[in-house]
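Accompanying notes for the structure given below.
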Amino acid sequence: MKMRLTALLLLCFSLLFASGQIIPKPLQSIKNSNAFTLDSHTRFYTDTPLAKTAVTYLQDHLQNASDYRLKQIDTPIVGTLHFHYAPQTVTKAEGYRLSIDSKGILIQARDRSGFFYGVITLMQLMPKQIWGESSVKKWRIEGIEIIDAPRYRWRGMMLDVSRNFFDVAYVKKFIDRMAQYKLNRFHWHLTDDEGWRIEIKRYPLLTKIGAVRGPGTKLPFSSFPTMRGPKDHVQRGFYTQAQVRDIVAYAKARCIEVLPEIDMPGHAKAALVSYPRLLTDPKDTSRYRSVQRVANNTLNPGLKSTYRFLDGVISEVVALFPFDYIHLGGDEVPKGAWNRSPAVKKLMQKHHLKSRRDVQNYFFTRVDAILKKHGKKMVAWQEVLQGSPKLRNEDMVMAWKSPKAGYRAIEKHRNTIMAPVQYLYFDQQYKRAKGEPGQKWSTPVSLKKVYSFRPKRTCCLKGVEACLWSETLLDEHIADYFAWPRALALCEIAWSAPEHRQWHSFKKRVQQFALPRLKVQHVHYRPVN
Ligand code: TNX
């Protein structure tokens with residue numbers, strides 16, 4: 001009895017201690033008293049091509065940090081790093097089992113992501129220098145056994161590149177840091193009122209006119225002070241299709257799917273100023289402003305040319321992004337849009353549409369059919385559920401106004417991603433304080449607040465996502481500051497079950513391990529406390 005109690009106590013102690021440096025917290029981990037030292041003589045062995053992404057990622061980091069790569073051998077002898085395909089041992093998607101002792105390192109998984117996350121965890125157990133450039137040649141790793149798998153399949157982060165543009169190098173850094181914390185959906189907000197950021201060959205003016213903003217351009221700065229962007233100079237930027245392909249491949253090499261967003265029918269000022277003849281009803285006398293006070297920014301659902309345009313845009317977008325989903329926006333259609341458009345009036349009569357909502361539903365049914373034709377599914381903001389939309393079961397909504405809004409969608413059996421502003425809008429201030437950057441229109445989103453989000457487990461809830469809107473992201477430093485350390489809390493609520501999470505343990509891991517790692521990578525995070 002006494003023996004058993006001691007064993008139990010020891011186990012509890014080791015459980016607490018062992019996951020001591022890993023974020024997100026693994027399902028189970030047990031430390032042992034051995035250690036393994038990885039150096040240039042260490043060999044790796046793999047019995048599966050599924051480990052390739054993981055091996056390359058580790059090799060690239062070793063190359064950077066130690067200036068060597070591990071050689072491969074074709075028998076798993078003692079002292080190797082061994083990747084083993086083990087669908088019987090590891091049953092959950094994206095899961096892995098990592099075993100480290102003096103005889104070697106074994107990573108078992110059943111899919112590409114599982115091997116990748118096994119390596120990510122391994123690297124978190126190594127000294128922090130593995131994440132940067134260093135002169136470390138020998139890596140001592142404490143013995144441990146970890147069994148791990150994520151709670152949610154969708155662990156996302158959104159970057160808005162429309163309001164302020166970020167170049168390819170920054171987008172890659174952003175993706176790399178996501179990967180490092182097992183986030184796996186990069187939602188790329190590519191178009192909005194303030195800029196169209198993706199090259200579309202059929203419609204070159206989208207980027208020639210629609211990606212340039214400021215004095216003397218067709219996209220002046222917003223009249224809303226926080227949304228203004230750099231005041232005194234023209235701001236421009238977009239990604240060529242070659243750059244998009246490069247970024248998608250970069251993300252894939254880190255087990256991240258890229259979800260492109262083409263925001264419509266609202267938030268479309270940049271498209272409208274680029275192709276006014278195609279996209280506006282000449283007899284429309286409606287005058288309105290969006291919540292962000294952008295004037296007349298909405299596509300017209302009554303025009304045939306609107307759908308021709310969207311079909312053209314979508315067919316180029318689907319060719320660039322292999323992910324099953326495309327995000328079509330749907331948020332914040334301003335009141336007053338279409339009110340005095342003869343084309344919309346005609347459409348309403350023809351299809352017996354009674355309200356603005358009906359018109360919006362009609363629009364989304366049509367664009368969803370375009371996606372279906374291209375073999376893609378739709379993601380859209382929660383507003384598309386207003387009225388009685390005819391969406392496909394496989395489509396997905398993102399609930400941003402509140403967790404409640406998300407649960408309402410779930411009650412309607414909608415696949416839902418939770419992105420509630422109160423917890424996951426990383427453009428909001430951390431706290432109300434003089435000089436603290438960020439948006440103030442919702443509540444402050446502190447690190448603790450993010451961590452306190454406890455989404456329920458129900459089948460339609462597919463995951464969580466944080467949004468980094470960029471009206472106030474005037475440079476990369478501020479972008480880093482808003483995202484980190486909050487993204488650490490995001491990854492843990494996405495990966496680890498609420499009953500296994502504790503704020504104090506998390507905070508300690510952040511301060512002792514995660515922040516020093518981010519420092520090695522020159523991330524301009526916001527200090528904790
Ligand atoms: C609301 S949330 C928006 C964005 C803004 C953001 C600023 C949503 C779907 N739309 O257009 O950038 O607030 O916090």
Side-chain angles (χ1 to χ4, degrees), residues 156-166 185 187-197 213 219 221-229 259-272 288-295 297-299 325-335 337 360 364 378-386 396-406 408-409 416-430 432 436-445 449-450 464-474 478-479 481-483 486:
M157 188 129 90
M158 187 210 78
L159 180 65
D160 169 7
V161 294
S162 171
R163 274 60 176 268
N164 279 295
F165 181 73
F166 293 91
R185 302 283 185 262
H187 172 176
W188 204 2
H189 187 78
L190 285 163
T191 73
D192 212 302
D193 295 321
E194 292 86 343
W196 184 284
R197 307 296 182 194
R213 152 168 107 120
L219 284 173
F221 292 123
S222 167
S223 55
F224 207 41
T226 57
M227 315 277 178
R228 207 170 278 148
L259 173 75
E261 179 179 353
I262 307 295
D263 205 347
M264 62 184 79
H267 288 279
K269 187 76 178 175
L272 286 162
Y288 55 91
R289 278 181 187 274
S290 72
V291 211
Q292 286 91 0
R293 304 205 196 158
V294 177
N297 70 342
T298 306
L299 298 177
Y325 293 91
I326 307 282
H327 198 310
L328 294 186
D331 54 322
E332 302 178 323
V333 174
K335 280 204 184 93
Q360 185 172 326
F364 273 101
M378 178 171 79
V379 182
W381 298 107
Q382 66 176 82
E383 285 97 322
V384 294
L385 293 185
Q386 293 170 349
M396 180 116 76
V397 299
M398 279 187 182
W400 65 275
K401 294 196 177 182
S402 64
K404 253 198 189 147
R408 274 200 298 273
T416 303
I417 307 294
M418 288 281 189
V421 51
Q422 300 85 353
Y423 297 89
L424 294 177
Y425 267 30
F426 288 179
D427 64 331
Q428 298 294 322
Q429 282 185 319
Y430 279 86
R432 292 280 177 266
E436 181 70 40
Q439 295 270 25
K440 295 181 193 151
W441 63 265
S442 180
T443 51
V445 178
K449 184 77 190 286
V450 180
V464 292
E465 187 174 297
C467 297
L468 201 50
W469 298 103
S470 66
E471 290 99 331
T472 58
L473 268 58
L474 296 183
I478 303 183
Y481 179 96
F482 282 152
R486 286 188 284 209

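Quantities reported herein were computed from a predicted structural model and do not represent experimental measurements. For ligands, and for the atoms within them, numbers begin at 1 and follow the listed sequence.
Nearest-residue assignment for atom 13 (O) of ligand 1 (options Trp381, Phe426, Trp441; heavy-atom criterion): Trp441.
Looking at ligand 1, you'll find an N or O of Arg163 within less than 3.5 Å of one of its N or O atoms. Between Tyr425 and ligand 1, no pair of N/O atoms sits closer than 3.5 Å. Checked by distance only, ligand 1 and Trp469 stay at 3.5 Å or farther apart across all their nitrogen or oxygen atoms.
For Gln292, the heavy-atom gap to ligand 1 drops under 4.0 angstrom. Distances from ligand 1 to the non-hydrogen atoms of Lys401 include no value under 4.0 Å. The closest approach between Glu383 and ligand 1 stays at or above 4.0 Å for every heavy atom of the residue.
Each of the atoms 5 (C), 7 (C), 12 (O) of ligand 1 lies under 4.0 Å from some heavy atom of Glu471. Heavy-atom contacts of Gln439 reach the following atoms of ligand 1: 7 (C), 14 (O) (cutoff under 4.0 Å). Ligand-side atoms of ligand 1 in range of Asp331: 8 (C), 9 (C), 10 (N), range being under 4.0 angstrom from any heavy atom. Atoms of ligand 1 lying under 4.0 Å from any heavy atom of Asp427, numbered from 1 in the order shown and given with element: 7 (C), 14 (O).
Side chains of Ile417 and Met396 form a contact here, defined as non-hydrogen atoms less than 4.5 Å apart. Looking only at side-chain heavy atoms (C-beta outward), Tyr481 and Tyr430 come within less than 4.5 Å of each other. Lys440 has its side chain out of reach of Gln428: every pair of non-hydrogen atoms, C-beta onward, lies at least 4.5 Å apart.
Cation-pi check for Lys449 over Tyr423 is met; the charged atom lies under 6.0 angstrom from the ring centroid and within 45 degrees of its normal.
Using the six-membered ring where Trp is involved, Tyr425 and Trp400 have ring planes that are parallel, under 30° apart on the 30 and 60° scheme.
Remark: the backbone N or O of Phe482 is paired with a side-chain donor or acceptor of Arg486 at under 3.5 angstrom. Remark: the backbone N or O of Arg213 is not paired with any side-chain donor or acceptor of Glu194 at under 3.5 angstrom.
In this structure, the ring of Trp469 has its center less than 6.0 angstrom from the ring center of His189.
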